[in-house]
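Below: one structure, written as structure tokens.
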Amino acid sequence: MMRAIDMADSYRAGRYVNVWTLVGGWPRCHGGPMDVTTVDQPVIARQLAINAAVRALAAAADAYEAAAHLTARPCPPVTLGAGPDGAAVPNPAFQAWTDALALVSGAGRDLLCLVATRGADYPRGDDGQPIAAYVMDLPPPPTLTPGAETADWDGTAWTVRPVTADEAVAWRALMAVRYPRRMSASDLVVRLLTGAEWLAIVADAHPSEGGASLAALLLGAGTQYVDLDAERTAAQLRAWVDRGLITPDRMAWILTGQPPAE
């Protein structure tokens with residue numbers, strides 16, 4: 001069966017985001033994936049929060065099962081004998097066993113139900129009757145600022161928080177699929193510039209160069225693509241800012257690779 005550690009958020013180089021849930025207590029993709037290039041960013045952000053919640057639940061069940069397996073064995077010795085100085089040497093296996101025992105002993109009702117559901121052996125309540133199987137039924141996360149916020153599920157409610165550094169890197173990787181960092185000069189015009197900006201740039205160019213000057217300005221020698229991460233591109237955009245053809249805010253937005261309408 002799939003474990004939490006195997007639950008990838010995306011596949012095919014980040015083009016598709018998996019939609020995870022728990023079925024019979026085990027991680028499973030539900031329905032079709034989300035296409036990063038077409039699905040709205042807030043929807044993707046909420047799905048990533050749901051994925052993290054499902055992963056955390058699966059990880060808790062995985063940890064409980066591993067701990068239960070360990071504590072089913074005899075308790076290891078507390079020490080490994082005496083060291084060179086005569087002092088007792090702690091046994092790491094004993095510490096691991098006691099940690100596992102604490103995890104098993106402290107498991108809550110929901111976790112026990114989830115683990116039991118995996119084996120179709122449901123725990124019993126105080127009346128001796130089996131408790132119903134665990135069913136994944138999370139409420140929708142709140143609206144999030146994509147790339148800046150996510151939400152954690154604590155079993156009863158969602159809590160919005162800023163993304164971590166790793167989560168920010170993962171989001172930028174997804175957006176690099178949605179908004180390519182390398183493109184032809186003509187694609188840059190179509191995707192990233194407004195009509196007014198393009199007309200201003202063409203009018204500013206030398207009459208003999210016309211619109212074709214964009215390629216000469218943005219493409220490096222021997223290359224075929226505009227690279228939004230290249231200093232050459234930023235330098236040309238700054239030149240357009242200096243000439244009043246685009247604003248500084250638009251320059252920053254263009255360098256994100258996102259179209260004007262988004």
Side-chain angles (χ1 to χ4, degrees), residues 1-12 14 16-34 36 39-71 95-123 131-175:
M1 293 291 186
M2 179 171 288
R3 299 290 179 177
I5 195 173
D6 301 316
M7 294 173 58
D9 272 327
S10 62
Y11 65 100
R12 289 196 180 175
Y16 299 102
V17 169
N18 286 312
V19 178
W20 287 107
T21 187
L22 294 177
V23 177
W26 297 99
R28 182 178 297 177
C29 286
H30 176 68
M34 292 184 176
V36 168
V39 176
D40 290 342
Q41 292 185 50
V43 176
I44 297 173
R46 288 196 294 270
Q47 185 57 52
L48 292 175
I50 293 173
N51 287 354
V54 175
R55 189 179 296 108
L57 289 168
D62 293 345
Y64 179 94
E65 290 177 335
H69 179 74
L70 181 58
T71 55
Q95 185 61 54
W97 192 91
T98 55
D99 290 345
L101 183 62
L103 190 157
V104 171
S105 301
R109 179 188 178 98
D110 286 346
L111 178 56
L112 291 174
C113 187
L114 172 57
V115 172
T117 299
R118 287 182 165 189
D121 181 16
Y122 308 135
I131 298 172
Y134 184 92
V135 177
M136 190 80 195
D137 188 24
L138 293 179
T143 300
L144 303 168
T145 303
E149 293 178 329
T150 187
D152 295 326
W153 175 252
D154 64 4
T156 58
W158 292 100
T159 301
V160 178
R161 62 166 174 81
V163 296
T164 65
D166 287 344
E167 288 167 340
V169 169
W171 180 262
R172 287 196 294 271
L174 291 177
M175 292 303 100

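Residue indices begin at 1 and follow the sequence shown.
Judged as a salt bridge (charged side-chain N to carboxylate O under 4.0 Å, His left out), not a single pair has a partner in residues 22-31 (not counting sequence neighbours). Applying the ring pair (Phe, Tyr, Trp, His ring centres under 6.0 Å) test to pairs two or more places apart or on separate chains, those with a residue in residues 136-167 are W153-W158.
Remark: side-chain polar atoms of D62 are paired, donor with acceptor, to backbone N or O of A4 under 3.5 angstrom. Side-chain N or O atoms of T98 include one that pairs as donor or acceptor with a backbone N or O of Q95 at under 3.5 Å.
Within 6.0 Å of atom CE in M1, 12 or fewer heavy atoms from other residues, nucleotides or ligands are found, so the atom counts as exposed in its surroundings.
Note that OG1 of T117 and CG of D110 are 10.0 Å apart. Values are rounded to the nearest 0.5 Å. T145 OG1 to Q41 CD: the interatomic distance, rounded to the nearest 0.5 Å, is 11.0 Å.
When all heavy atoms of V163 and A168 are compared, the pair lying nearest together is CG2-CB, 4.0 Å. What you find for L174 and G14 is that their closest heavy atoms are CD2-O, 3.5 Å. In terms of heavy-atom proximity, A53 sits nearest to L138 at CB-CD1, 3.8 Å. Here the closest heavy-atom approach between residue V104 and residue A68 is recorded as CG2-N, 3.7 Å.
Looking at heavy atoms from C-beta onward, S10 lies out of side-chain contact with V36 at the 4.5 angstrom threshold. Between D99 and L103 the shortest side-chain heavy-atom distance does not fall below 4.5 Å. Put simply, the side chain of W171 does not reach to within 4.5 Å of the side chain of T150, judged on heavy atoms. Within the 4.5 Å cutoff, the side chain of M136 has no heavy atoms near those of the L114 side chain.
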Cut-off 3.5 Å, no hydrogens considered: what does the side-chain donor-acceptor table look like for residues 17-27, sequence neighbours left out?
unit_1, atom_1, unit_2, atom_2, d
N18, ND2, A8, O, 2.9
W20, NE1, A8, O, 2.9

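Listed by chain and number, the residues in a side chain to side chain contact (heavy atoms under 4.5 Å, CB included) with T159 amount to none (sequence neighbours excluded). Under the rule for a side chain to side chain contact (heavy atoms under 4.5 Å, CB included), the partners of A100 that lie at least two apart in sequence or sit in another chain are A67, L70, T71. By the salt bridge (charged side-chain N to carboxylate O under 4.0 Å, His left out) test, D152 is found to be paired with R161, residues two or more places apart in sequence or in another chain being considered. For Y16, the ring pair (Phe, Tyr, Trp, His ring centres under 6.0 Å) test picks out Y11, with sequence neighbours left out. For D6, there are no side chain to side chain donor-acceptor pair (under 3.5 Å) partners at least two apart in sequence or on another chain. Legend: residues meeting side chain to side chain contact (heavy atoms under 4.5 Å, CB included) with D9, ordered by chain and number and at least two apart, are L48, N51, R55. For T164, the side chain to side chain donor-acceptor pair (under 3.5 Å) partners at least two apart in sequence or on another chain are E167. Listed by chain and number, the residues in a side chain to side chain contact (heavy atoms under 4.5 Å, CB included) with T143 are R46 (sequence neighbours excluded). For D40, the side chain to side chain donor-acceptor pair (under 3.5 Å) test picks out no residue, with sequence neighbours left out.
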